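Note that the structure is predicted; figures quoted are calculated from it, not measured. Reckoned from all heavy atoms, side chains included, excluding hydrogens, waters and symmetry mates. Just follow the structure's listing: the first ligand is 1, and inside any ligand the first atom is 1.
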Amino acid sequence: MSLSPDLVAAVQDFARLDRVLVATDFDGVLAPLVQDPMDSRPVDGGMPALTSLAELPGTTVALVSGRALGPLRELSGADPDGPLVLIGSHGAEDSRSESGLALDADQQELLETLGDELATLREEHPGLRVEEKPASRVVHTRGLPDDEARAALDAAQELGARHTALDVTPGKDVVELAVAHVGKGVALVALARDVDAQAVFYAGDDLTDEHGFEALADDPHTARALTVHVGDSDTSARHRVADEHEMVELLQTLLAARRG
Ligand SMILES: [Mg+2]
């Protein structure tokens with residue numbers, strides 16, 4: 001297999017721009033999908049190509065993943081003092097921020113208030129469990145007696161409705177209260193604006209990456225995007241490669257072109 005001539009031409013054009021953002025998903029793009037997610041390892045060549053790209057002028061390089069920041073750093077082997085930006089938890093975590101969180105001050109304050117109010121709720125409904133995620137708290141009622149569980153979920157939803165900035169997602173035995181609308185699309189567009197990129201390269205393999213491709217295409221600032229789907233699923237990306245090994249070939253082609 002080798003890269004399509006269209007894709008190689010697009011890479012050559014992209015490489016000539018002064019300021020670019022090169023971003024990729026991790027699992028299924030740099031690292032093959034495996035049964036146990038913690039067994040995941042990048043294929044040879046991908047991470048070195050990204051690191052070399054990030055050392056070139058006018059080139060910001062980011063890993064954008066659904067994984068939490070810690071495991072993303074560990075599995076990718078990205079140097080904590082290195083040039084790569086790591087965006088974790090679908091955009092809720094950002095390695096550039098001191099706290100590791102991509103939340104603004106209001107959102108962080110709301111997350112603290114939410115934690116306090118849920119602690120009170122837990123006193124009223126013993127057995128309730130609260131899961132902490134980077135941009136949300138998830139209330140779980142599995143195992144509680146039915147009427148108790150219903151009362152606790154109602155109370156959690158009321159709490160969510162009282163804070164209008166919260167995004168409330170009910171499920172079975174569960175309600176998630178989020179302080180930020182995160183997603184790879186939002187994260188990619190924000191990062192591209194931050195670094196004032198003239199164009200964005202983004203590669204991904206999954207449904208969450210489709211949101212990324214669409215958000216880039218929809219935003220006037222990032223409409224000039226070189227989007228690449230890895231695999232053979234339906235996609236709104238403009239280009240595709242077959243697998244992680246072709247992805248490495250693509251990144252090495254981009255590196256060579258950008259080095260000129
Ligand atoms: Mg993936």
Can you name the nearest heavy-atom pair linking Leu3 to Glu246, along with the distance?
-> CD2-O, 3.7 Å
Under 4.5 Å between side-chain heavy atoms, chaining through other members, with only Ile, Leu, Val, Met, Phe, Trp and Tyr counted: pull out the rest of the cluster around Val186, sorted by chain and number.
-> none
Below 3.5 Å, can you tabulate the donor-acceptor pairs from side chains in residues 37-44 to any protein atom, sequence neighbours excluded?
{"from": "Ser40", "atom 1": "OG", "to": "Asp27", "atom 2": "OD1", "distance (Å)": "3.3"}
{"from": "Arg41", "atom 1": "NH1", "to": "Met38", "atom 2": "O", "distance (Å)": "3.4"}

Summary of ring pair (Phe, Tyr, Trp, His ring centres under 6.0 Å) pairs that have at least one residue in residues 190-210, sequence neighbours excluded | Tyr202-Phe213
Closest heavy-atom contact between Ala152 and Leu128?
-> CB-CD1, 3.5 Å
Within less than 2.8 Å of the Mg ion (ligand 1), how many protein N/O/S atoms are there?
-> 3
Determine, for Arg16 against Asp13, whether the closest basic-nitrogen to carboxylate-oxygen distance falls under 4.0 angstrom.
-> yes
